[in-house]
Q: 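Sending over a structure as structure tokens; questions will come in a sec.
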There are 2 protein chains.
Amino acid sequence: MNLSKPIARPSLHEELVDRVRELIIEGELEPGTKIPEKELCENFGVSRTPMREALKVLANEGLAVLEPNRGAWVSTVTMEELEETFPVLAALERLGGELACVNGTDTQIAFVRERHDDMVRHFKARDRQPYFKANQDIHDGILRAAANPVLSQHHRVLASRAKRARFLANISDARWSQAVDEHEDIIAALEARDGVKLGQILSEHLMNKFAALKERVDG
Amino acid sequence: MNLSKPIARPSLHEELVDRVRELIIEGELEPGTKIPEKELCENFGVSRTPMREALKVLANEGLAVLEPNRGAWVSTVTMEELEETFPVLAALERLGGELACVNGTDTQIAFVRERHDDMVRHFKARDRQPYFKANQDIHDGILRAAANPVLSQHHRVLASRAKRARFLANISDARWSQAVDEHEDIIAALEARDGVKLGQILSEHLMNKFAALKERVDG
DNA sequence: TGACTGGATTATGAATTCATAATTCTTTAT
DNA sequence: ATAAAGAATTATGAATTCATAATCCAGTCA
């Protein structure tokens with residue numbers, strides 16, 4: 001008989017936080033628009049109480065904005081906000097790289113290598129979707145190898161804000177191949193367990209990505 | 001007639017988040033103990049709804065833990081958690097130092113200098129409370145000079161977790177004077193606007209503080 | 001026509017109510 | 001006396017209700 005864990009029934013509000021967060025990140029609820037509280041309650045089949053609890057949490061994460069007596073709105077993604085977010089995210093990426101080289105298991109590093117090779121294949125075939133997926137897995141894998149839940153949590157919150165800049169996906173060919181080059185350095189530093197170097201590359205990698213984004217927007 | 005801002009009446013839950021957060025940080029609600037929801041409601045004169053909303057937010061910040069059907073508890077401060085928190089905080093401190101040198105106004109830097117001189121005076125007089133206050137003001141001042149709200153917010157959340165390690169205040173004489181020495185380097189780098197150096201010192205300063213803490217605990 | 005007023009409608013914030021899970025207390029059996 | 005079972009109590013999670021603020025809309029007047 002397995003006593004290891006009680007039956008976990010996550011409370012409604014927790015479930016709602018995840019679901020609504022996903023709606024915002026995926027853009028189904030568009031930045032700047034009103035969050036249709038009633039409609040969401042009906043769709044999810046819950047009352048307003050847990051939904052409002054969830055909205056408060058999302059507001060605290062910066063994905064929603066609560067206007068007193070006027071309801072909840074999806075926070076806007078401004079360039080100004082991205083200018084603030086990316087450097088912080090880069091700082092956390094750097095730490096993630098440093099820690100991954102110290103704490104990562106060989107298995108974890110091997111996994112990142114696998115996904116790296118996959119990614120390069122997808123790049124050569126110019127398969128965007130699988131490329132982005134592999135790319136995501138690589139960065140997630142490094143963060144997991146860093147083995148620091150506090151770091152992961154804060155990274156997740158910030159990444160969710162950054163991810164909402166839809167145009168991030170509109171990558172130019174020049175930037176795309178530059179990114180792949182950078183990834184060669186990333187995997188090399190990781191396998192050499194050169195933490196300082198990996199951290200630096202990851203940080204620069206992200207800031208380059210941001211620079212490319214800016215060029216697209218106001219260039 | 002002043003139309004610049006509408007009458008801001010913060011909602012109950014926001015007020016409660018701040019108040020209860022303070023209770024937890026200041027240790028009035030002790031780590032590991034149950035949060036007396038009903039009692040708090042009575043003390044603050046509010047119903048359970050806004051209080052529960054606040055508790056969800058605090059749980060999301062890591063200050064409380066919600067156990068399904070068993071209520072809210074003040075999260076414990078374990079050495080393991082601190083081992084995870086401090087490096088992240090150090091990474092943010094580093095960024096804060098770098099940005100302060102770029103974005104800080106001369107006035108802001110002059111303010112930090114003032115508080116630095118105050119702090120040194122308090123150190124010489126061995127006045128602990130004013131020393132800690134000046135120290136706090138210095139670090140807050142640098143962060144404000146960095147002018148990055150996203151950074152500030154995440155720093156605040158992490159600092160609140162670290163701050164709960166009460167024994168941080170039990171500083172040894174040796175560590176105390178070492179800390180003051182480090183602060184001389186901090187103010188020098190800030191006034192020279194040497195961001196890389198300031199970031200590095202701030203990061204090391206914090207990790208030294210943590211090392212001293214660890215020595216006290218398991219040394 | 002177009003701006004203003006005041007009532008009707010709706011949405012929001014918060015209190016209250018309700019069903020159920022957890023805990024405590026009492027009783028019973030060994 | 002102790003342990004187990006079951007009833008009573010309490011606390012929790014969520015739905016509902018209620019007061020009020022915001023919005024909408026028709027009617028009025030310039």
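Proteins come first, then strands; the chains are lettered A, B, ... in the order of their sequence lines, and each starts at number 1. Worth knowing before you read on, the calculation uses all heavy atoms, side chains too, and leaves out hydrogens, waters and symmetry mates.
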Q: Strictly by modelled atom types, are Gln129(B) and His122(B) linked by a side-chain donor-acceptor pair under 3.5 Å?
A: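 Absent: no donor and acceptor within the cut-off.
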Q: Quick check for you: among dA14(C), dT12(C), dA14(D), whose closest atom lies nearest to any side-chain atom of Ser47(B)?
A: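 The listed nucleotide nearest to Ser47(B)'s side chain is dA14(C).
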Q: Please report the distance, rounded to the nearest Å, between CD in Glu53(B) and P in dA14(D).
A: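 Interatomic distance, CD of Glu53(B) to P of dA14(D): 13 Å.
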Q: Restricting both atoms to N or O, compile the protein contacts to nucleotides 22-24 of chain D shorter than 3.5 Å, with distance only.
A:
from, atom 1, to, atom 2, distance (Å)
dT23(D), OP1, Arg70(A), NE, 2.3
dT23(D), OP1, Arg70(A), NH2, 3.1

Q: How long is the line joining CG of Leu16(B) and P of dA15(C), in whole Å?
A: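 These atoms are roughly 9 Å apart.
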Q: Measure the distance from CD on Glu67(B) to C1' on dT12(D) and round it to the nearest whole Å.
A: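 For the pair Glu67(B) CD and dT12(D) C1', the rounded distance is 13 Å.
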Q: Let's go through Asp106(B) and Arg193(B) carefully: what are the C-alpha distance in whole Å and the side-chain angles of both, what is the deciding distance for salt bridge (charged side-chain N to carboxylate O under 4.0 Å, His left out) to 0.1 Å, and is it a yes or a no?
A: CA-CA 10 Å; Asp106(B) 289 342; Arg193(B) 289 184 181 271; 2.9 Å; yes
Q: To the nearest Å, how far apart are Leu40(B) CG and dA11(D) P?
A: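 Spelled out: CG on Leu40(B) to P on dA11(D) is 14 Å.
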Q: Do NZ/NE/NH1/NH2 and the carboxylate oxygens of Arg144(B) and Asp140(B) come within less than 4.0 Å?
A: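 Salt bridge flag = no for Asp140(B) with Arg144(B).
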Q: Map Lys38(B) and Arg48(A) onto DNA chain D by nearest heavy atom, then report which one ends up closer to the 5' terminus.
A: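 The residue whose closest nucleotide sits nearer the 5' end is Lys38(B).
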Q: Determine the interplanar angle of the His183(B) and His205(B) rings, folded into 0 to 90°, and report it as parallel if under 30°, tilted if 30 to 60°, perpendicular if over 60°.
A: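 Perpendicular.
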Q: Looking at Thr49(A), does any N or O in its side chain come under 4.0 Å of the phosphate oxygens OP1/OP2 on dA14(D)?
A: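 For dA14(D), OP1/OP2 do not have a side-chain N/O of Thr49(A) under 4.0 Å.
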Q: Of all the choices, dA15(D), dT12(D), dT12(C), which nucleotide is nearest to the side chain of Pro50(A) once you look at every atom?
A: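 Per side-chain heavy atoms of Pro50(A), the pick is dA15(D).
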Q: Rounded to the nearest Å, what distance is computed from the CZ atom of residue Phe44(B) to the P atom of nucleotide dA14(C)?
A: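 Taking CZ of Phe44(B) and P of dA14(C), I get 15 Å after rounding.
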Q: Hydrogens and angles aside, do Thr49(B) and Arg52(A) bring a side-chain donor and acceptor to less than 3.5 Å of each other?
A: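 Not at all, the side chains of Thr49(B) and Arg52(A) share no donor-acceptor pair under 3.5 Å.
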Q: Tell me if the CD atom of Glu30(B) is crowded by more than 12 foreign heavy atoms within 6.0 Å.
A: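 Result for CD/Glu30(B): open.
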Q: In whole angstrom, what separates Leu55(A)'s CG from dT12(C)'s P?
A: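 After rounding, the gap between these two atoms is 10 Å.
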Q: Quick one: is Lys56(B) getting a side-chain N or O under 4.0 Å of the dA14(D) phosphate, OP1 or OP2?
A: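 False: Lys56(B) side-chain N/O out of range (4.0 Å or more) of dA14(D) OP1/OP2.
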Q: Just to verify, what does Ser172(B) make a side chain to side chain contact (heavy atoms under 4.5 Å, CB included) with, not counting sequence neighbours?
A: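 Counting only residues at least two positions away or on another chain, Ser172(B) forms a side chain to side chain contact (heavy atoms under 4.5 Å, CB included) with Ala174(B), Arg175(B), Arg216(B).
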Q: In whole angstroms, how far is the P atom of dG13(C) from the CD1 atom of Ile35(A)?
A: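 Between P of dG13(C) and CD1 of Ile35(A): 12 Å.
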Q: When the distance from CD of Glu15(A) to P of dA14(D) is rounded to whole Å, what number comes out?
A: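 Checked: the CD to P distance equals 11 Å.
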